[in-house]
Asker: 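Please find one structure pasted underneath; my questions will follow.
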Amino acid sequence: MLARELLRQSPDRVRQALTDRSADPAPVDLWLGLDADRRRNLVEVEELQRQRNEASKAIGERKRRGEDASVAIAAVGETKQRIDALEKELAGIDENLRAVELALPNVPSHDVPVGPDESANRLVRTVGEITAFDFEPQAHWDLGPALGILDFERGAKLAGARFTAYFGLGARLERALIQYMLDLHLEEHGYTEVLPPYLVSSDALVGTGQLPKFAEDLFKVEGNDLYLVPTAEVPLTNLHREEILEAADLPLRYTAYTPCFRAEAGSHGRDVRGLIRQHQFNKVELVQLVEPERSDAALEELTVHAETILQRLELPYRTVCLSTGDMGFSAAKTYDIEVWLPGQQAYREISSCSNCGDFQARRAGIRYRPAEGDKPTYVHTLNGSGLAVGRTLIAILENYQQADGSVVVPEVLRSYLRTDRITAS
RNA sequence: GGAGGGGUGGCUGAGUGGUCGAAAGCGGCGGUCUUGAAAACCGUUGACCUUUCACGAGGUCCCAGGGUUCGAAUCCCUGCCCCUCCGCCA
């Protein structure tokens with residue numbers, strides 16, 4: 001949610017932000033109208049309430065003295081009716097205002113490249129050399145089944161397209177990656193591990209921005225106000241919803257492994273093969289709640305935290321800064337980390353690290369007190385994948401594959417996997 | 001699933017439908033005292049919104065949402081959450 005002061009004082013900036021995102025700027029004017037209506041109405045209601053309170057007080061006093069108050073009671077009746085009518089109107093305005101506010105995306109940071117889509121993304125850095133092969137590298141959807149560690153047909157038998165069953169060292173590799181990533185973030189990057197619920201309420205999803213606009217991307221539990229988490233960003237960021245934190249508590253750094261569930265509505269036909277786009281995938285997430293002045297630096301750090309995993313796994317990747325047209329709804333600035341996949345001869349997203357500024361904090365009511373006696377202000381929230389586990393497994397299979405179809409296990413994972421090579425059994 | 005008991009300010013905990021945003025205690029902050037600290041004493045101590053250049057003024061909030069009433073923390077309804085006992089269950 002955007003600050004109301006921003007909308008009132010700099011509507012042009014918000015209109016421009018929407019245009020840069022290839023979104024319709026019209027809601028800004030709708031908002032301005034509703035806001036003016038609201039304030040006009042509110043001033044009137046409050047004046048009438050003041051009159052009513054005064055009258056009620058006088059009635060109470062008369063009654064206490066045993067005097068007749070029926071005249072005064074009758075006199076207040078009209079005020080009461082006007083209050084009721086205006087309050088009803090006000091509730092309607094508030095509801096509309098909130099609906100408009102909740103649908104407005106965040107304003108991009110000034111240093112974000114302006115452009116319509118991913119073609120305008122800015123390359124930040126490229127790390128590692130593209131893996132060279134003296135044979136034709138296979139895609140993971142061929143390697144995995146051949147090794148007996150990924151079974152797409154049986155996954156589909158259980159749950160349909162975009163579900164996969166892992167077997168043997170495949171399952172173990174996925175588990176090892178989760179463990180390795182968590183350990184690294186705990187031990188070296190100062191995060192606190194959290195094991196959150198995998199189902200969350202609509203309030204939590206509104207807090208991080210998935211709702212109300214993107215309900216069709218979510219799996220909802222029938223008959224309950226519960227949704228399968230699309231990312232651990234949702235539970236982690238919402239841990240402190242409606243709280244006022246102390247400055248000394250910040251920064252808060254949380255990491256969690258969760259499965260992630262996405263309906264992938266509107267992506268029919270995209271990445272239908274293999275593990276890349278699944279309805280259920282595993283992810284280790286990084287979330288930070290920080291003081292506003294610290295969030296720019298925190299995004300750089302968090303992105304490096306995610307990149308470190310790829311460096312330790314010795315996987316080639318590049319980092320790009322998303323353009324205004326390619327960013328997510330809640331983000332002010334986003335770095336995507338893209339890993340090299342030899343099977344596709346392409347860099348593919350494996351992590352997305354965003355600074356959401358106070359956008360989510362406003363929605364979720366996460367504040368802190370800068371100093372004793374200060375008014376509470378909104379924290380800044382950041383999140384990033386550290387990393388998407390399924391896609392990391394793909395990257396390992398494709399980059400570490402050998403001419404004989406076996407896969408060498410990256411050095412740092414050998415103690416977790418208890419083997420240095422995955423071969424067909 | 002059955003039966004019962006609760007949800008009040010940072011915490012504990014009062015609160016006959018009417019000067020209650022809410023007693024009291026604790027904690028926090030400021031001060032007096034002290035060489036310093038502790039103790040004691042005094043004062044202070046919520047959030048949000050509107051309005052004002054400002055001082056200030058006003059409104060809302062006692063889990064949430066409805067309702068009754070001139071007036072609701074207090075009465076009624078619904079929901080959510082917590083606790084105890086029983087049943088069931090990983």
Side-chain angles (χ1 to χ4, degrees), chain A residues 1-9 31-102 195-207 211-212 220-227 235 238-250 252 259 358 361-379:
Chain A
M1 221 149 51
L2 302 175
R4 291 191 164 174
E5 308 82 72
L6 177 69
L7 281 156
R8 281 179 198 143
Q9 290 161 21
W31 187 91
L32 289 170
L34 286 167
D35 182 52
D37 289 348
R38 172 176 172 273
R39 283 193 285 175
R40 201 178 309 120
N41 188 311
L42 192 61
V43 169
E44 199 177 343
V45 175
E46 289 185 351
E47 169 58 19
L48 290 169
Q49 284 173 330
R50 190 190 61 73
Q51 289 174 18
R52 182 204 58 197
N53 292 347
E54 216 167 77
S56 291
K57 223 173 243 185
I59 291 166
E61 237 157 279
R62 296 202 80 141
K63 289 214 163 177
R64 213 170 308 110
R65 289 200 301 260
E67 296 170 13
D68 176 54
S70 53
V71 175
I73 290 175
V76 122
E78 194 191 334
T79 308
K80 202 201 162 195
Q81 283 184 355
R82 287 182 60 202
I83 290 175
D84 280 352
L86 283 172
E87 277 185 336
K88 210 155 274 172
E89 202 179 302
L90 185 62
I93 294 170
D94 274 334
E95 199 178 315
N96 290 335
L97 200 58
R98 183 162 170 78
V100 173
E101 283 175 343
L102 287 178
L195 187 65
Y198 299 160
L199 292 170
V200 292
S201 68
S202 56
D203 287 340
L205 288 155
V206 169
L211 288 179
K220 186 177 191 307
V221 177
E222 199 177 336
N224 290 279
D225 180 37
L226 288 172
Y227 297 78
N238 279 286
L239 283 172
H240 296 285
R241 187 152 54 87
E242 304 299 339
E243 288 185 23
I244 298 174
L245 303 161
E246 295 305 321
D249 298 335
L250 302 177
L252 287 167
D358 64 7
R362 285 179 186 279
R363 291 176 156 247
I366 310 168
R367 294 174 292 171
Y368 81 109
R369 211 177 290 281
E372 183 75 33
D374 284 1
K375 285 193 61 169
T377 55
Y378 292 102
V379 301

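Side chains are part of it too, since the values below use all heavy atoms of this structure and drop only hydrogens, waters and symmetry mates.
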Asker: Can you name the side chain to side chain contact (heavy atoms under 4.5 Å, CB included) partners of A/A99, sequence neighbours left out?
Answerer: none

Asker: Pick the C1' atom in B/C33 and in B/A38, then give their distance to the nearest Å.
Answerer: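 Comparing C1' positions in B/C33 and B/A38 gives a spacing of 12 Å.
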
Asker: May I ask you to test the A/R363-A/E101 pair for a side-chain heavy-atom distance under 4.5 Å?
Answerer: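 No - every pair of side-chain heavy atoms lies 4.5 Å or more apart.
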
Asker: Using the C1' atoms only, state how far B/A40 lies from B/U51, rounded to an integer number of Å.
Answerer: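 Looking at atom C1' only, B/U51 and B/A40 are 45 Å apart.
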
Asker: Using both distances under 3.5 Å as the test, list the Watson-Crick or G-U wobble partner of B/U50, or none.
Answerer: B/A57

Asker: Would you please name every residue forming a side chain to side chain contact (heavy atoms under 4.5 Å, CB included) with A/L42, sequence neighbours left out?
Answerer: A/R38, A/E46, A/L90

Asker: What is the base-pairing partner of B/U84, counting Watson-Crick and G-U wobble geometry with both distances under 3.5 Å?
Answerer: B/A3

Asker: What integer number of Å spans the P atoms of B/G6 and B/G59?
Answerer: 34 Å

Asker: For B/A23, give its Watson-Crick or G-U wobble partner with both distances under 3.5 Å, or none.
Answerer: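 Pairing partner, where one exists within any strand: none, as none qualifies.
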
Asker: Excluding sequence neighbours, so at least two apart, what forms side chain to side chain donor-acceptor pair (under 3.5 Å) with A/D35?
Answerer: A/R8, A/R39

Asker: Using the P atom in both, what is the distance from B/G28 to B/U69, to the nearest Å?
Answerer: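 Roughly 48 Å separates the two P atoms.
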
Asker: Using atom C1' of each nucleotide, how far apart are B/A14 and B/G9 to the nearest Å?
Answerer: 13 Å

Asker: With a 4.0 Å cut-off, would you call A/E78 and A/R82 a salt bridge?
Answerer: no

Asker: Identify all pairs in which a protein N or O lies below 3.5 Å from an N or O of nucleotides 65-74 of chain B, and state each distance.
Answerer:
{"unit_1": "B/C70", "atom_1": "O2'", "unit_2": "A/S56", "atom_2": "OG", "d": "3.2"}
{"unit_1": "B/C70", "atom_1": "N4", "unit_2": "A/K63", "atom_2": "NZ", "d": "3.4"}
{"unit_1": "B/G71", "atom_1": "O4'", "unit_2": "A/S56", "atom_2": "OG", "d": "3.2"}

Asker: Could you check how far CZ of A/R82 sits from C1' of B/G59, rounded to whole Å?
Answerer: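 The distance from CZ of A/R82 to C1' of B/G59 comes to 16 Å, rounded to the nearest Å.
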
Asker: With nearest nucleotides of RNA chain B determined for A/V45 and A/R369 from heavy-atom distances, which residue corresponds to the more 5′ nucleotide?
Answerer: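 On the 5' side of the pair lies A/R369.
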
Asker: Atom pairs, N/O to N/O, protein against nucleotides 48-54 of chain B, distance under 3.5 Å?
Answerer:
{"unit_1": "B/C48", "atom_1": "OP1", "unit_2": "A/R367", "atom_2": "NH1", "d": "2.9"}
{"unit_1": "B/C49", "atom_1": "O2'", "unit_2": "A/R38", "atom_2": "NH2", "d": "3.3"}
{"unit_1": "B/U50", "atom_1": "OP1", "unit_2": "A/R8", "atom_2": "NH2", "d": "3.1"}
{"unit_1": "B/U51", "atom_1": "OP1", "unit_2": "A/R39", "atom_2": "NH1", "d": "3.4"}

Asker: Rounded to whole angstrom, note down the C1' distance from B/C61 over to B/C20.
Answerer: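 13 Å, rounded to whole Å.
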
Asker: Which one is paired to B/A64, where only Watson-Crick or G-U wobble pairs with both distances under 3.5 angstrom count?
Answerer: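 Across any shown strand, B/A64 pairs with B/U78.
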
Asker: For A/D37, give me all partners under side chain to side chain donor-acceptor pair (under 3.5 Å), at least two apart in sequence or on another chain.
Answerer: A/R40

Asker: Can you name the residues that form a salt bridge (charged side-chain N to carboxylate O under 4.0 Å, His left out) with A/D225, not counting sequence neighbours?
Answerer: none

Asker: Using the P atom on both, measure B/G25 against B/C82 and round to a whole Å.
Answerer: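 Comparing P positions in B/G25 and B/C82 gives a spacing of 33 Å.
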
Asker: Under the side chain to side chain contact (heavy atoms under 4.5 Å, CB included) rule, collect the residues that match up with A/E243, sequence neighbours excluded.
Answerer: A/H240, A/L245

Asker: Applying the Watson-Crick and G-U wobble criteria at under 3.5 Å, what pairs with B/C41? Answer none if nothing qualifies.
Answerer: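 Across all strands, the one nucleotide that pairs with B/C41 is B/G31.
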
Asker: So, is A/N53 close to the B/U19 phosphate, meaning a side-chain N or O under 4.0 Å from OP1 or OP2?
Answerer: no

Asker: Would you please name every residue forming a side chain to side chain donor-acceptor pair (under 3.5 Å) with A/R369, sequence neighbours left out?
Answerer: none

Asker: Strictly by modelled atom types, are A/N53 and A/R50 linked by a side-chain donor-acceptor pair under 3.5 Å?
Answerer: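 On atom types as modelled, these side chains do not qualify, holding no pair under 3.5 Å.
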
Asker: How long is the line joining CD1 of A/I244 and C1' of B/C61, in whole Å?
Answerer: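 Distance check: A/I244 CD1 to B/C61 C1' gives 13 Å.
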
Asker: For B/A90, give the paired nucleotide (Watson-Crick: N1-N3 plus N6-O4 or O6-N4; G-U: N1-O2 and O6-N3; both under 3.5 Å), or none.
Answerer: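 Base-paired to nothing in any strand shown.
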
Asker: Taking the C1' atom of each, how far is B/U74 from B/G67, in whole Å?
Answerer: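 To the nearest whole Å, 15 Å.
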
